[in-house]
Amino acid sequence: MTTVRTPEDWPATEEQARAVQDQLRARLILDETGPPPGTGRVTGVDVAYDDERDVVAAAAVVLDASSLDVVAEATAVGRVSFPYVPGLLAFRELPTVLAALDALPCPPGLVVCDGYGLACHLGVLTGLPTIGVAKNPFTFTYDDPDTPRGSSSPLLAGTEEVGRALRTRDAVKPVFVSVGHRVSLAGACAHTLALTPGYRLPETTRRADALCRKALRETYSA
DNA sequence: GCGACAG
DNA sequence: ATCTTGTCGC
C-alpha cells in the first residue's frame with residue numbers, strides 16, 4: 001500500500017541508475033521536521049544476501065516508538081536485481097525492501113534504513129518519512145565525538161555536512177546518521193537516540209537484521 | 001589513471 | 001553484505 005514502483009525506477013545499467021537517482025533527488029523533501037521521537041511507530045528495514053544462489057531476503061519490523069515493542073513484521077524474498085556499486089545501493093536493496101513493506105498489515109510510520117542514500121531513495125518512492133543510520137562513515141570524514149552517549153560531530157563530504165557521527169553508547173564507536181526524506185538531521189539524531197536505549201545500533205535495525213537473516217535461512221529449509 | 005568505499 | 005573461533009568483560 002506504500003509502494004510506488006515504475007519500470008524506470010529499476011534500471012539495468014549503472015548509467016541508467018545514476019540518471020534515475022538524479023531525477024529522484026529533485027523530489028526529496030528536506031524542509032520538514034519529521035514526527036516527534038518516541039511517538040507513533042518506527043520501522044526498521046534490512047536485507048540479507050546469498051550471492052551464491054543470487055537470493056536476497058528483506059525484512060520490515062514495526063516497533064511501537066514509545067515501548068520499542070514489535071507490533072508487526074513482514075519479509076520478502078527475491079532475486080538480486082543489481083550489483084553492489086558504492087553510491088547505487090538502493091537499486092540492489094530496495095526492490096525487496098519495498099515488497100516487505102507492502103506485506104505489512106499496518107502503516108510503518110518512520111522508516112530507518114542502513115546506509116546513506118537508501119533512506120532518501122526509499123522516502124521519495126514511498127512518501128514516508130525516512131532516516132539513515134550507517135555503521136561506517138563510507139567515504140565521509142569526521143572527528144571523533146566526545147565520549148558520552150549523545151555526543152556528535154559533523155560527518156563531512158569536504159566541507160558539506162552530510163550527516164552526524166553520533167555516539168549512542170559511552171566510549172563506543174559512533175553510528176553515522178543521515179537524513180532521508182521529510183525528517184531534519186536533528187530529528188534523525190533524536191530518533192536514533194530514542195532507538196538506542198541499550199545497544200550501539202537502533203532497535204529497528206537490530207530487529208530487521210535478525211529477521212531478514214532468518215528469512216534467508218528459512219528460504220532453504222522450507 | 002588507480003584504489004576505496006554504505007550494504 | 002559474507003566468510004568465521006575464541007575471548008574478554010559486564
Side-chain angles (χ1 to χ4, degrees), chain A residues 10 14 17-18 20-21 24-25 28 43-61 75-101 111-125 130-142 147-149 154-158 160-166 168-181 185 188-189 192 196-202 204-220:
Chain A
W10 306 106
E14 200 173 311
R18 294 190 192 286
V20 169
Q21 227 163 51
L24 293 179
R25 189 166 3 250
L28 259 185
T43 295
V45 293
D46 197 14
V47 301
Y49 297 98
D50 179 345
D51 287 311
E52 296 280 289
R53 310 198 191 206
D54 205 46
V55 171
V56 53
V61 181
T75 61
V77 177
R79 291 288 175 182
V80 175
S81 59
F82 205 84
Y84 172 64
V85 180
L88 298 176
L89 238 205
F91 299 96
R92 178 171 171 82
E93 303 215 337
L94 291 191
T96 320
V97 165
L98 287 168
L101 284 172
V111 179
V112 181
C113 297
D114 290 18
Y116 299 88
L118 284 175
C120 297
H121 203 127
L122 180 62
V124 168
L125 292 187
T130 61
I131 66 173
V133 180
K135 305 174 201 63
N136 298 291
F138 194 34
T139 61
F140 308 122
T141 61
Y142 69 102
T147 303
R149 161 179 158 85
L155 185 63
L156 302 172
E160 181 191 4
E161 182 176 33
V162 297
R164 315 266 324 167
L166 176 65
T168 55
R169 301 292 292 162
D170 292 350
V172 172
K173 175 179 177 173
V175 297
F176 303 89
V177 180
S178 55
V179 297
H181 187 60
L185 183 54
C189 289
T192 301
T196 50
Y199 297 92
R200 177 172 85 113
L201 298 180
T204 39
T205 79
R206 289 167 42 78
R207 296 319 249 272
D209 179 77
L211 184 57
C212 68
R213 289 183 198 235
K214 190 179 83 163
L216 188 60
R217 288 196 308 269
E218 293 178 349
T219 294
Y220 304 122

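Remember, it's a predicted structure, so these values are computed and weren't measured experimentally.
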Quiz item: Are K135(A) and D209(A) ion-paired here, with the side-chain N under 4.0 Å from a carboxylate O?
Solution: no
Exercise. Output the single nucleotide from dA6(B), dC5(B), dG7(B) whose closest atom is nearest the side chain of Y116(A).
Key: dA6(B)
Quiz item: Closer than 4.0 Å, any side-chain N/O of R213(A) to the OP1 or OP2 of dT2(C)?
Solution: yes
Quiz item: Testing T204(A), L118(A), T205(A) for side chain to side chain contact (heavy atoms under 4.5 Å, CB included) with C113(A), which one passes?
Solution: L118(A)
Quiz item: Is the NZ or CZ atom of R164(A) positioned over F176(A)'s six-membered ring, under 6.0 angstrom from the centre and within 45° of the axis?
Solution: no
Quiz item: Y49(A) pairs by side chain to side chain contact (heavy atoms under 4.5 Å, CB included) with which of L216(A), V56(A), T96(A)?
Solution: V56(A)
Quiz item: Base, sugar-phosphate alone, or nothing: which one does D50(A) contact when heavy atoms must sit under 4.0 Å apart?
Solution: nothing
Quiz item: Does dG7(B) have OP1 or OP2 sitting under 4.0 Å from an N or O in the side chain of N136(A)?
Solution: yes
Quiz item: So which nucleotide from dG7(B), dA1(C), dC5(B) ends up closest to the side chain of P86(A)?
Solution: dC5(B)
Exercise. Return the stems involving DNA chain B, sorted by first number, where pairs are Watson-Crick (N1-N3 with N6-O4 or O6-N4) or G-U wobble (N1-O2 and O6-N3), both under 3.5 Å, and runs are 3 or more long.
Key: none
Self-check item: Sugar-phosphate only, base, or nothing, as touched by Y84(A) at under 4.0 Å among non-hydrogen atoms
Solution: base
Quiz item: Hey, does L88(A) reach any base, or is it just sugar-phosphate, or nothing, if we go heavy atoms under 4.0 Å?
Solution: base
Quiz item: Is it true that F140(A) and Y116(A) have ring centroids separated by less than 6.0 Å?
Solution: yes
Quiz item: Touch check for G87(A), heavy atoms < 4.0 angstrom, all strands: base, sugar-phosphate only, or nothing?
Solution: base
Practice problem: Give the minimum heavy-atom separation between C120(A) and T130(A), together with the two atoms involved. | Solution: N-OG1, 4.3 Å
